[in-house]
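Heads up, the thing below is written out as structure tokens.
In what follows, residues are counted from 1 in the order of the sequence shown. Small disclaimer: the values here were computed from a predicted structure and weren't measured.
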Amino acid sequence: MALNLTHQIGTLAGASISTTDTNSSSVESVNASPKWRSSTPSLTCKIQRPDAIDGLSPPLSPCRSPLGSTRPDLSVACQAFATEMESPVLEHQVRRAHNKGTGVPVYVMMPLDSVTMNNSVNRKKAMNASLQALKSAGVEGVMMDVWWGLVEREAPGAYNWGGYAELLEMAKKHGLKVQAVMSFHKCGGNVGDSVTIPLPKWVVEEVDKDPDLAYTDQWGRRNCEYLSLGADTLPVLKGRTPVQCYADFMRAFRDNFKHLLGDTIVEIQVGMGPAGELRYPSYPEQNGTWRFPGIGAFQCFDKYMLSGLKAAAEAAGKPGWGSTGPTDAGEYNKWPEDTPFFRKDGGGWNSTYGEFFLSWYSQMLLDHGERILTSAKSIFENHGVKISVKIAGIHWHYGTRSHAPELTAGYYNTRFRDGYIPIAQMLARQGAIFNFTCIEMRDHEQPQEAQCLPEKLVRQVAMATLKANVPLAGENALPRYDDYAHKQILEASSLNIEGNTEGNQMCAFTYLRMNPHLFQPDNWRHFVAFVKKMKEKGSHKCREQVEREAEHFVHVTTPLVQEAAVLMR
């Protein structure tokens with residue numbers, strides 16, 4: 001699934017960051033942000049004898065291989081891999097490493113191009129080694145994009161599941177659960193998009209004939225990453241509506257993989273917009289249209305969206321408001337105070353007209369989500385899978401009154417209005433999971449002049465899900481391999497917020513992403529320890545025991561990781 005742009009301090013990825021809080025005193029307070037409860041202090045205990053851990057010998061230092069040499073050349077390790085795998089001790093260790101914890105299960109996002117344009121598994125040998133390494137490290141499962149543009153590429157209703165059938169069987173063989181993402185968007189143009197996967201050919205043909213099927217900004221710029229929700233219920237795709245096409249795709253997936261549902265496939269994440277997220281494409285990075293931390297732009301100027309706006313304005317007795325969206329909201333890379341609509345004092349966002357427009361714009365997005373979820377729920381009901389929806393973590397300019405980037409994306413969240421409760425309530429009605437990004441980010445890591453407050457945003461979302469009684473899952477927005485980011489995820493996933501009297505925590509966390517960097521020795525050591533700590537959250541094990549067991553996992557999985565690193569190059 002394409003990375004969302006929650007985003008953009010790429011230079012921090014994997015870096016060691018000072019823990020000194022440098023929050024600017026000029027950042028305005030946000031009344032919607034609940035407070036974290038202080039976490040329970042980590043338990044400590046005496047070091048046990050090495051033979052107290054599963055009766056196994058103590059692990060070697062993480063900087064040494066089980067073959068006895070220091071940081072061996074990976075190609076040599078790869079040659080020795082087959083011999084190592086025949087070792088009964090290694091097999092025993094791997095099996096014993098699969099004990100389930102009581103905490104938050106960790107999934108890992110698979111590469112965007114896991115299935116090729118020829119509908120086959122990409123880098124099959126590397127994929128097999130990687131999945132085996134993940135399972136041996138205690139990972140619960142993987143998340144994979146099921147691309148509309150691959151499966152139904154050639155003609156309406158002609159589905160080719162070839163590569164996915166093989167990939168799902170590989171996951172099953174290794175005992176990994178799967179979060180399958182119904183990716184109805186184009187891949188390419190977002191942060192982290194390493195490949196380009198267009199929409200189905202026949203869909204692109206219809207958009208070429210009717211450009212208003214694409215989201216459009218006030219300057220007439222079209223965005224073809226995802227079909228405009230204004231056309232959701234119109235038969236514009238060779239006699240079918242977009243929502244019918246999405247439903248037919250999900251139904252075909254269910255029928256083809258029914259034997260894996262509830263066992264291997266445990267979750268269906270339904271794509272609902274750009275990057276697979278429920279939002280408008282208000283901050284498109286492709287072709288330099290948008291740059292962080294710009295406010296983005298409203299996407300309601302195609303004829304289908306304008307038709308809906310006109311009807312809403314007439315129903316409200318304000319027909320003059322229905323001819324166009326705001327034209328004084330600046331352009332993509334402006335800041336709130338640069339625009340009449342988003343400025344702090346006297347901004348149009350806080351006017352009667354602003355309330356009307358933003359209510360309509362955000363409700364259209366909610367209705368879009370509800371329509372697709374209603375179909376998904378009926379299709380997958382009684383098949384043992386959960387349904388989830390991904391919401392973008394738009395943290396820049398969060399400290400301002402208007403929250404402009406959230407508004408242009410369709411989240412009606414301001415200093416005076418909680419925009420995440422309506423989203424959570426909609427998901428609760430449909431029995432869906434609220435999946436949120438930017439869990440790894442800290443406020444002081446972000447540019448304070450842009451009033452970025454990801455931690456406060458995560459707290460607000462956590463509180464909204466708690467009030468709506470909807471499960472919350474998380475993802476990291478950018479690749480991070482350092483303990484500092486992992487510690488933040490561990491803290492945030494505990495949901496230590498006021499009002500969480502039952503000790504609820506995130507129902508799952510999905511880690512971005514399986515790639516050669518993850519399998520580098522130091523990164524892998526940090527990752528395995530992170531997975532172990534997430535699984536053991538809420539257990540009675542002390543910190544030292546969990547860390548020793550994590551070191552053991554590193555030792556056990558070293559041969560698998562070395563092969564995966566070589567093959568994924």
Side-chain angles (χ1 to χ4, degrees), residues 1 77-78 80-101 105-116 118-147 150-151 160-181 253-269 383-386 508 510-511 513-516 518-519 524 527-528 531 535 553 556-568:
M1 145 182 85
C78 185
F81 174 74
T83 303
E84 283 294 314
M85 282 307 298
E86 293 173 359
S87 166
V89 175
L90 180 61
E91 290 288 333
H92 168 72
Q93 290 174 332
V94 169
R95 286 197 302 270
R96 293 297 296 272
H98 293 168
N99 294 329
K100 291 187 176 181
V106 175
Y107 291 76
V108 176
M109 295 184 201
M110 299 186 71
L112 295 169
D113 60 349
S114 294
V115 173
T116 70
N118 295 320
N119 298 94
S120 61
V121 176
N122 197 11
R123 300 184 300 273
K124 190 179 303 184
K125 191 174 181 181
M127 189 69 68
N128 188 67
S130 301
L131 293 178
Q132 190 172 359
L134 292 178
K135 179 61 179 178
S136 299
V139 166
E140 184 79 5
V142 294
M143 173 180 280
M144 65 176 67
D145 288 279
V146 183
W147 294 103
L150 287 182
V151 175
N160 186 338
W161 302 106
Y164 291 106
E166 188 175 5
L167 196 56
L168 286 165
E169 286 299 328
M170 290 175 67
K172 179 182 178 181
K173 179 183 73 173
H174 291 297
L176 289 166
K177 300 185 185 304
V178 173
Q179 298 169 318
V181 184
F253 179 86
R254 178 202 66 189
D255 293 343
N256 199 78
F257 298 111
K258 188 176 295 185
H259 62 292
L260 297 176
L261 294 176
D263 182 15
T264 298
I265 303 170
V266 297
E267 182 178 323
I268 302 295
Q269 186 172 109
H383 283 83
V385 296
K386 299 175 182 177
T510 304
Y511 188 89
R513 165 182 317 272
M514 190 175 88
N515 58 32
L518 175 61
F519 296 121
W524 182 252
F527 173 73
V528 171
V531 172
K535 291 185 68 174
F553 275 45
V556 168
T557 58
T558 296
L560 302 172
V561 171
Q562 289 171 342
E563 184 186 36
V566 169
L567 294 174
M568 290 191 75

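Take Asp113 and apply the side chain to side chain donor-acceptor pair (under 3.5 Å) test, not counting sequence neighbours, and it matches Asn122. Partners of Lys173 according to the side chain to side chain donor-acceptor pair (under 3.5 Å) rule, which considers only residues two or more places apart in sequence or in another chain, are Asn128. The side chain to side chain donor-acceptor pair (under 3.5 Å) check on Glu166 picks up Lys124, with sequence neighbours excluded. Under the ring pair (Phe, Tyr, Trp, His ring centres under 6.0 Å) criterion, Phe527 pairs with Tyr511, Trp524, sequence neighbours left out.
In terms of heavy atoms, Asp263 sits closest to Val266 at O-CG1, 3.6 Å. Leu131 approaches Val142 most closely through the heavy-atom pair CD2-CG1, 3.9 Å. Nearest heavy atoms, Leu112 versus Trp147: O-NE1, 3.2 Å. Smallest separation of non-hydrogen atoms from Gly163 and Val115: C-CG2, 3.9 Å. Scanning all heavy atoms of the two residues, the minimum distance from Val385 to Gly262 falls at CG1-N, 3.7 Å. Residues Val146 and Val151 approach most closely at CG1-CG2, 4.1 Å, considering heavy atoms.
Looking at Phe253 and Tyr164, their side chains never come closer than 4.5 Å, going by heavy atoms from C-beta outward. At a threshold of 4.5 Å between non-hydrogen side-chain atoms, the residues Glu140 and Val531 do not count as touching. A 4.5 Å side-chain heavy-atom check between Met514 and Leu134 finds at least one atom pair inside the cut-off.
One finds the CZ atom of Arg254 at 9.0 Å from the CG atom of Leu261 (value rounded to the nearest 0.5 Å). Going from atom NZ of Lys177 over to atom NZ of Lys135 covers 7.5 Å, rounded to the nearest 0.5 Å. A distance of 9.0 Å separates CE in Met144 from CE in Met170, rounded to the nearest 0.5 Å. Within the model, atoms CE of Met110 and CZ of Arg513 stand 10.5 Å from one another, a figure rounded to the nearest 0.5 Å. To the nearest 0.5 angstrom, Gln179 atom CD is 3.5 Å from Thr510 atom OG1. Put simply, CG on Leu176 and CG on Leu168 are 11.5 Å apart, with the number rounded to the nearest 0.5 Å.
Side chain of Asp255 to backbone of Lys258: no donor-acceptor contact under 3.5 angstrom is found. In this structure, the side chain of Asn160 engages the main chain of Gly162 through a donor-acceptor pair within 3.5 Å.
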